[in-house]
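Single-structure report; data block below.
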There are 2 protein chains.
Amino acid sequence: MPPKPVNAVRSLSAAALASVTGHDVARAAGVSQSTVSRAFRNDARLSQTKRAHVLEVAKALGYTPSHLGRSLVTRLTRTVGMAVTDLENPFYPHVVAPLHDALAGLGYRMVLFMERLEGGENDQLALDRLLDRSTDGIVLTTTLLGSAIPRELARRGLPFVFLVRVSDDVGGDCAVVDNALGASLMAAEILRHGHRRVGAIFGPAETSTGRDRERGLRAGLGVADVELPDELVCRGPYGVETGSSGMERLMKLPMPPTAIFCGNDTIAIGALNAARRRDIEVPGEVSLVGFDDLPMAGWDVFQLTTVHQPMEEMARTAAQLLVDRVEGRSEPGQVRRAVFEPLVVIRSTLGPPPKGRL
Amino acid sequence: MPPKPVNAVRSLSAAALASVTGHDVARAAGVSQSTVSRAFRNDARLSQTKRAHVLEVAKALGYTPSHLGRSLVTRLTRTVGMAVTDLENPFYPHVVAPLHDALAGLGYRMVLFMERLEGGENDQLALDRLLDRSTDGIVLTTTLLGSAIPRELARRGLPFVFLVRVSDDVGGDCAVVDNALGASLMAAEILRHGHRRVGAIFGPAETSTGRDRERGLRAGLGVADVELPDELVCRGPYGVETGSSGMERLMKLPMPPTAIFCGNDTIAIGALNAARRRDIEVPGEVSLVGFDDLPMAGWDVFQLTTVHQPMEEMARTAAQLLVDRVEGRSEPGQVRRAVFEPLVVIRSTLGPPPKGRL
DNA sequence: CACGTTGATGACTACGTATGCACAGAGTGC
DNA sequence: GCACTCTGTGCATACGTAGTCATCAACGTG
């Protein structure tokens, strides 16, 4: 009786990659695998002649050491994860890029974790990917205030650092700008121009930036006894749409504000778009300010007055803080907070209030 | 005699992560590691009761299967690399994000490889990172025409796909828009408005998009015997600065063009900025068109007439093509090219030439 | 000349997981 | 009661690398 035909729908052989390993190089060079490993790691105990020979053979065979094998045994991946929710927001590329470069400078590679939603079962899946040891540490940039993620990371002992935003129920190293201070400085600037009827389009209240910038603005205006009545306040996610619809609503009011503080530059740009659409002059009829100082804010079509935060420096610092944790150079119990100075950048969307509306 | 004190400056224990492994779970649940593995992979041969028990114990211990261990033995990382040079260019976030989502939908994660320069020793380092088996395949988006990278990937048998740009000396699956066609359609639109003196600010000649869009524009204008004299042509990288300086140069000419074709939207926006700076009316004094149709192009402050390319669909297709390769569903020798239809989007930066300058 | 000493190298194992194989026990048909 | 099939589980091994220990040759040195 002939053998039963093996009908298994074998998981299609993944292109049958003839991956060349250290053993192959060893065989071809007439040495042991250990020697190949040592040659690539420039181990001092290996003679230079043999090292040169091994490297030559390796090059001829097209050998590249496997990251998986190496990481498994060293228990170090030399990889850092970065959690971002919304890369299409013009803000994040400007934090991802410098962070990538900073990490590269420290010998680490960067992996992007983009998660759309937070909460629910989805959350567990996302968390698993953070915790599966493919990464030595995590940079958190889009954490919501009540997020379970930092808590879970702390519980599992995976190093992390907050960048831009923080979550205050779980302590952790962070690199942020002083958002409240920045907003209050901008409030002073608004007051200095003579505004007394001020509106705002804030970002989400469940983010530390949204909350702190609101707090700073209110405090700063309070100095001159200027209030921020509810009817002059809008709120929404950090996107152009929020600014656009907020602007529409505020300017339709019987007594619209003479200046509007926007939660970030993206919102401000959305507001500027609405202004253009409705033929509202800025700053002629209404002044508009942002926060972040995106490169875009300086473009001639915008010339947005805004609050600068030193993104490159913050990213560099976050990278350093995280790597220090990963490599065990930080005190385990001690939290290191890097708070940067905001800087008001004067351009041309903030002017005096229109005559007769003061 | 007391033992000699071990003074070794031991490589600072990386936070001494008590990583819990499948063996730990097995011990705690009173089963073997194999059973733990089977529980997590939902192996049919495992009884549901035991599976439930194992998962419960695993959850209590906070166990997450190691990506390294798994990938090493399965020889599949379920990870795809994406090579990008310049994330701060407003274009790329809009390709990274949909690609990430498409890959996630297919069960793959995405890793970003950002390399600043191409060429030189730097190149070898970057290449090594692509080839170290940390990835099942690569999406190439910023390939230069003569690049060694696709050649090397092909030689090593690592699957890859071109997205947006291609390199023609090495064949490979790709998802691109028909750039030449798009540019020629735009040329027809420019002609239809009555322009005869047309200028251009092209992207880099060493990119397929730069080359093909130029070719398409010239061909499209040629239909009406309109030439593109050298003095009306600028070239530069795909950034706002190129558009800005190009615009300055062209509009200072004794006989400036009445319409300018820009290599992409970013260049066009740079040109619009220069126009704003110099108080040049668009399209009153000069018409301006772009290519890509970034979300930004539709903003009220720009209202840029441009050529749309279906980025989400292209990204989805690229993801599918690559995964087909990785999982061995594609014919090894056969190249699959997905070429998408461009679409001219009429907004308000293209109008008739100014009277008396025709 | 016996004995450390040094320097260079290989054999071997661990890392955490998946999986082929063996095997135990329960059920089934005759 | 026996041969047989199933079902569930554990054992052992492999994946590619780093690093520990042993080995071995060459080389002074007293």
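All heavy atoms count here, side chains included; hydrogens, waters and symmetry mates do not. Chain letters run A, B, ... following the sequence lines, proteins first, then strands; residues in each count from 1. What you see is a predicted model; the values in this text were computed from it and never measured.
Residue contacts for B:Val31: at a heavy-atom cut-off of 4.0 Å it reaches the sugar-phosphate backbone alone, with no base atom in range.
We find that B:Arg27 and B:Asp24 are joined by a salt bridge, their nearest charged nitrogen and carboxylate oxygen being less than 4.0 Å apart. Note on B:Glu152 versus B:Arg155: salt bridge recorded, some NZ/NE/NH1/NH2 to OD/OE distance being below 4.0 Å. With respect to A:Asp132 and B:Arg70, no salt bridge is recorded, no charged nitrogen being found less than 4.0 Å from a carboxylate O.
One finds a side-chain N or O of B:Thr35 lying less than 4.0 angstrom from the OP1 or OP2 phosphate oxygen of D:dG10. Taking side-chain N and O atoms only, B:Ser47 has a distance below 4.0 Å to OP1 or OP2 of D:dT9.
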Item checked: Residues A:Thr64, B:Arg156; criterion side-chain hydrogen bond (donor to acceptor under 3.5 Å, both in side chains); working and verdict -> CA-CA 10 Å; A:Thr64 304; B:Arg156 304 283 254 271; 2.8 Å; yes
Notebook entry, point to check: When you look at A:Asp136 and A:Thr77, which way does the side-chain hydrogen bond (donor to acceptor under 3.5 Å, both in side chains) test go after all the steps?
Noted result: CA-CA 6 Å; A:Asp136 293 338; A:Thr77 64; 2.9 Å; yes
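Atom CZ of A:Phe40 is separated from atom C1' of D:dG19 by 18 Å (rounded to the nearest Å). Across the protein-nucleic acid pair, A:Gln33 atom CD and D:dA18 atom P stand 7 Å apart, rounded to whole Å. Look at CD on B:Gln48: it is 11 Å from P on D:dT9, rounded to the nearest Å.
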Return the polar atom pairs (N/O with N/O) between nucleotides 14-16 of chain D and the protein under 3.5 Å, or none.
unit_1: D:dC15; atom_1: O3'; unit_2: B:Arg75; atom_2: NH1; d: 3.0
unit_1: D:dG16; atom_1: OP1; unit_2: B:Arg75; atom_2: NH1; d: 3.1
unit_1: D:dG16; atom_1: OP1; unit_2: B:Arg75; atom_2: NH2; d: 3.1
unit_1: D:dG16; atom_1: N2; unit_2: A:Gly69; atom_2: O; d: 3.3

Distances for protein N or O near nucleotides 21-28 of chain D N or O, under 3.5 Å:
none

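On the nucleic acid side, DNA chain C has its first and last nucleotide under 4.0 Å of a heavy atom of chain A at C:dA8 to C:dG16, going 5' to 3'.
Proximity of B:Leu130 to B:Phe160: side-chain heavy atoms (C-beta onward) are nowhere separated by under 4.5 Å. The side-chain heavy atoms of A:His53 and A:Thr49, taken from C-beta on, include no pair separated by under 4.5 Å.
Taking CG of B:Leu106 as the start and CD of B:Glu327 as the end, the distance is 8.0 Å to the nearest 0.5 Å.
In plain terms, the two heavy atoms of A:Met110 and B:Val111 that are nearest each other are O-CG1, 4.1 Å.
Each of A:Met82, A:His100, A:Met314 was compared with A:Val95 under the side chain to side chain contact (heavy atoms under 4.5 Å, CB included) criterion, and only A:Met82 meets it.
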